[in-house]
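Read the structure below first, then the notes.
Whatever order the structure lists ligands and atoms in, that order sets their numbers, starting from 1. All values below were derived from every heavy atom in this structure, side-chain atoms included, with hydrogens, water molecules and symmetry-related copies excluded.
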Amino acid sequence: MDESIKVAPSLLAADFGRLSEEVAQVEPHVDFLHLDLMDGHFVPNLTFGMPVVAAMRRATSLFLDCHLMVTNPVSLFEPLQAAGADLVSCHIEVLPDPTRAAAEARRLGLGFGLVLNPATPFAAVAPFAELADMILVMTVDPGFGGQEFISAVLPKVEQARNWVDSHGLDADVEVDGGITAATAGMTRQAGANAFVAGSAIFRAEDPVAAVHQIRAAVGRNERQNPDHR
Ligand code: DX5
Ligand code: ZN
């Protein structure tokens, strides 16, 4: 496995009263920023929308990975692109055939990711994996930060990695939910290369040290691409 290791903080766990400072603190040490958009329908929670994405675009040059936990993700692509998003990832549970969504993301110049809930089998995304820049295997049920990692998902991380490698794809295999240094290590062994952590970074006493702990656990100490956009 020679794919690059990427570590991303999830904004959801940051202090919403000081978002730009929170991001600035970790920016030199992380590879991208993960933004969780929720609609109170696909998941029983609301987070933030375009004004916050646009504010983050002004605050940082980090690549903005938007995880859309919404029933109608495609309707958000244009406003997200206008707000400065770089990639949109959509749940396969709401887009059983994501072909048109992927084409729409490409048309707008956005990266495209496919996401699976813990209960969704890898087979649901396999036929469409070639459309994706990122396959996000959720390691908790989406909707809230601070939940416990579900280790039963590890074999699915392995399936995603095997599929990507055996089909010569260069999609990232991302994990999200309950990621700490310990669980990042487990998912790395299963083949993940992109690690999203909310609480483990922003709720740590020293967020920068927390990023380095995750990097150490997945076997890489430095950020891969200082030129991150
Ligand atoms: C959960 C979100 C996650 C969340 C992760 O629905 O998709 O990105 O912010 O938070 P932690 O790392 O605290 O589990
Ligand atoms: Zn997320």
Show the atoms of ligand 1 that are less than 4.0 angstrom away from any heavy atom in Leu12. 9 (O)

I'd like to check which ligand 1 atoms, numbered from 1 as shown, lie under 4.0 Å from a non-hydrogen atom of Pro142. 6 (O)

Can you tell me how far apart CD1 (Ile135) and CG (Asp172) are? Round to the nearest 0.5 Å. 9.5 Å

Of the side chain and backbone of Ala197, name the one, both, or neither that has a heavy atom under 4.0 Å from an atom of ligand 1. backbone

Heavy-atom distance to atom 4 (C) of ligand 1: which of Leu35, Leu37, Asp36 wins? Asp36

List every atom of ligand 1 that sits less than 4.0 Å from any heavy atom of His34, numbering the atoms from 1 in the order shown and giving each element. 8 (O)

Ala13 to ligand 1, any heavy atom closer than 4.0 Å: no

Could you tell me whether the side chains of Arg188 and Asn193 share a donor-acceptor contact shorter than 3.5 Å? no

Output the atom name for the N/O/S atom of Asp176 with the smallest distance to the Zn ion (ligand 2). OD2

If every non-hydrogen atom of Phe77 is compared with every non-hydrogen atom of Cys90, which pair is closest and at what distance? CZ-SG, 3.6 Å

Looking only at protein heavy atoms, identify the closest one to atom 8 (O) of ligand 1 and say how far it is in Å. Asp176 OD1, 2.6 Å

Near Ser199, which atoms of ligand 1 are under 4.0 Å from a heavy atom of that residue? 11 (P), 12 (O), 13 (O)

Suppose I only count heavy atoms of Met138 and a 4.0 Å limit; which atoms of ligand 1 are within that range? 7 (O)

Salt bridge between Arg107 and Glu104, side-chain N to carboxylate O under 4.0 Å? yes

Is there a polar contact between ligand 1 and Gly198, counting only N or O atoms under 3.5 Å apart? yes

Met38 heavy atoms, cut-off 4.0 Å: which ligand 1 atoms fall inside? 6 (O)

Nearest non-hydrogen protein atom, atom 14 (O) of ligand 1: Gly178 N, 2.8 Å

The Zn ion (ligand 2) - name of the N/O/S atom of His34 that sits closest to it: NE2

Gly146 touching ligand 1 at heavy-atom level, < 4.0 angstrom: yes

Parallel, tilted or perpendicular: which fits the ring planes of His29 and His212, with parallel below 30° and perpendicular above 60°? perpendicular

For ligand 1, note which part of His67 has a heavy atom under 4.0 Å away: side chain, backbone, both or neither. side chain

Smallest heavy-atom separation, Leu80 atom then Cys66 atom, equals CD2-SG, 4.2 Å

For residues Asp36 and Ser10, is any side-chain donor paired with an opposing acceptor at under 3.5 Å? yes

Proximal heteroatom of Asp36 relative to the Zn ion (ligand 2) (N/O/S): OD1

Look at the aromatic rings of Phe63 and Phe32 and report parallel, tilted or perpendicular, splitting at 30° and 60°. perpendicular

for atom 6 (O) of ligand 1, nearest protein heavy atom and its distance come out as Gly143 N, 2.8 Å

Any chance the side chains of Thr71 and His41 put a donor and an acceptor closer than 3.5 Å? yes

Roughly how far apart are Leu12 CG and Thr47 OG1, rounded to 0.5 Å? 6.5 Å

Show which atoms of ligand 1 fall inside a sub-4.0 Å distance from at least one heavy-atom site of Gly177. 14 (O)

Between the side chain of Thr183 and the main-chain N/O of Gly178, is any donor-acceptor distance below 3.5 Å? yes

Checking distances from the Zn ion (ligand 2), one finds that the N, O or S atom of His67 closest to it is ND1

Assess whether atom CG of Asp170 is packed by more than 12 heavy atoms of other residues, nucleotides or ligands within 6.0 Å. no

Any side-chain donor near an acceptor of the partner, Thr180 and Gln213, under 3.5 Å: no

Starting from atom 1 (C) of ligand 1, find the nearest protein heavy-atom neighbour and note its residue, name and distance. Phe144 O, 3.5 Å

Do ligand 1 and Gly145 have nitrogen or oxygen atoms that lie under 3.5 Å from each other? no

Examine Met69 against ligand 1 and note whether any of their N/O atoms are separated by less than 3.5 Å. no

Minimal non-hydrogen separation, Val208 against Gln25, with atom names: CG2-O, 3.5 Å

